[in-house]
Amino acid sequence: MYFFASTRRHVSYESLEEHSLLLILDHSQTVAAILAQPFKLFFIRNGERLNHVPDDLSVHHDGEQCVWDVRPYDRIDGSLTRKAALTREFCRDAGFTYRVFDGISKITRGSLEFLHAYSDARRYAPDPAAAESLRDVFEGGSTLRLAISMLDASPREVRMWVYHMLWMRTLSFDHDRPLSDARVLEWQEA
């Protein structure tokens, strides 16, 4: 079970790739609801009977409804290719988006797993005055090391605030490089 911080609900998953998709979707801050294995589709084509259970259904704040299949590209076989084509056709007719997710890098996964621990705003979000100070530090780019030296708060507090703001996308970073105190982080306008 994965605790989807954006919806404050648990979502089941069956593989590390599915867990990675949940991390990415949760971190995107765009998902209003998500459901694992949302339905089973039955197809009859040229006398052949096929069925398929997509891995996830995400409903986004902008109204998009996306059906997901999760499989590394090197493990996509002819059976999934046929089922994916039929599922894509069904989704198009139903007004859904259809996507196949093949995973993320180990660095991105590690960073997001770490930051997910700081997703709870009740515990880790800075108060308004601290948030304004952090904005002053990070507008135009800065490092965590510099923020710790500039703010009148304990290094522990500054770290938890920054990690929370990275999870919430208030601060941005390059997901393909490991997090460190020397990495440049930038303030993102809402």
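In this chain, residues are counted from 1 in sequence order. Just so it is clear, the values below take in all heavy atoms, side chains as well, and ignore hydrogens, waters and symmetry mates. Owing to the predicted nature of the structure, the values given are computational and were not obtained by experimental measurement.
Proximity of Trp187 to Thr170: side-chain heavy atoms (C-beta onward) are separated by under 4.5 Å at one or more points. Under the 4.5 Å side-chain criterion, counting only non-hydrogen atoms from C-beta, Glu17 is not in contact with Leu21. Between Thr30 and Asp62 the shortest side-chain heavy-atom distance does not fall below 4.5 Å. At least one side-chain heavy atom of Pro54 sits under 4.5 Å from a side-chain heavy atom of Phe39. Phe42 is not listed as a side-chain neighbour of Arg49, based on a closest heavy-atom distance of 4.5 Å or more. In this structure the side chain of His60 reaches within 4.5 angstrom of the side chain of Val31, judged on heavy atoms. In this structure, the side chains of Thr108 and Asp176 come closer than 4.5 Å at one or more pairs of heavy atoms. The shortest distance between side-chain heavy atoms of Asp174 and Arg183 falls below 4.5 Å.
Here the shortest heavy-atom pairing between Ala182 and Thr143 reads O-CG2, 3.3 Å. Closest approach of Glu186 and Gly141 over heavy atoms only: CG-CA, 3.7 Å. Contact between Arg169 and Ser28 at its shortest, heavy atoms only, is CD-O, 3.8 Å. The heavy-atom pair separating Arg177 from Ser111 by the smallest distance is O-OG, 4.3 Å. Across Phe138 and Leu185, no two heavy atoms sit closer than the pair CD2-O, 3.6 Å.
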Between Asp93 and Glu89, does the side-chain contact (heavy atoms from CB on, under 4.5 Å) criterion hold? Intermediate values first, please.
CA-CA 6 Å; Asp93 293 346; Glu89 181 183 324; 4.2 Å; yes
Pair Leu25-Asp56, side-chain contact (heavy atoms from CB on, under 4.5 Å): steps then yes or no
CA-CA 11 Å; Leu25 289 174; Asp56 291 290; 5.7 Å; no
Run the side-chain contact (heavy atoms from CB on, under 4.5 Å) check on Leu86 and Arg45 step by step: do they pass?
CA-CA 9 Å; Leu86 293 168; Arg45 291 292 190 275; 3.4 Å; yes
CA sep, side-chain torsions, deciding dist, call: Met165, Tyr124, side-chain contact (heavy atoms from CB on, under 4.5 Å)
CA-CA 9 Å; Met165 294 170 86; Tyr124 302 113; over 6 Å; no
With side chain to side chain donor-acceptor pair (under 3.5 Å) as the criterion, how do Asp55 and Tyr13 come out once you've worked through the C-alpha distance, each side chain's angles and the decisive distance to 0.1 Å?
CA-CA 8 Å; Asp55 293 306; Tyr13 64 92; over 6 Å; no
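In this structure, the side chain of Asp120 engages the main chain of Arg122 through a donor-acceptor pair within 3.5 Å. Side-chain N or O atoms of Asp26 include one that pairs as donor or acceptor with a backbone N or O of Ala5 at under 3.5 Å. Without hydrogens or angle criteria, Ser119 side chain to Leu115 main chain gives no donor-acceptor distance under 3.5 Å.
To the nearest 0.5 angstrom, His19 atom NE2 is 5.5 Å from Glu113 atom CD. Between the OG atom in Ser149 and the CG atom in Leu144 there is a gap of 10.0 Å [rounded to 0.5 Å]. Note that CG of Asn51 is 9.0 Å distant from CG of Leu41, once rounded to the nearest 0.5 Å. Phe96 contributes atom CZ, which lies 12.0 Å from atom OG1 of Thr87 (distance to the nearest 0.5 angstrom). Rounding to the nearest 0.5 Å places CD of Gln188 at 11.0 Å from CZ of Arg135. One distance of note links CG of Leu134 with CE of Met150; it measures 10.0 Å at 0.5 Å rounding.
Note: the hydrophobic cluster containing Leu50 also contains Val100 (ILVMFWY, side chain heavy atoms under 4.5 Å, direct or indirect links). In the hydrophobic clustering of ILVMFWY residues, with side-chain heavy atoms under 4.5 Å counting as a link, Leu151 and Val184 come out apart. Taking hydrophobic clusters as Ile, Leu, Val, Met, Phe, Trp and Tyr residues chained together by side-chain heavy-atom distances below 4.5 Å, Phe3 does not share a cluster with Leu166.
Within the 6.0 Å centre-distance limit, the rings of Tyr163 and Phe114 are counted as a close aromatic pair.
When the shell of 6.0 Å around CZ of Arg9 is examined, it contains 12 or fewer heavy atoms from other residues, nucleotides or ligands.
In this pair, His116 and Tyr2 present their aromatic rings tilted. The plane angle is within the 30 to 60° band.
Val59 meets the side-chain contact (heavy atoms from CB on, under 4.5 Å) test with Ala33, Gln65; sequence neighbours excluded.
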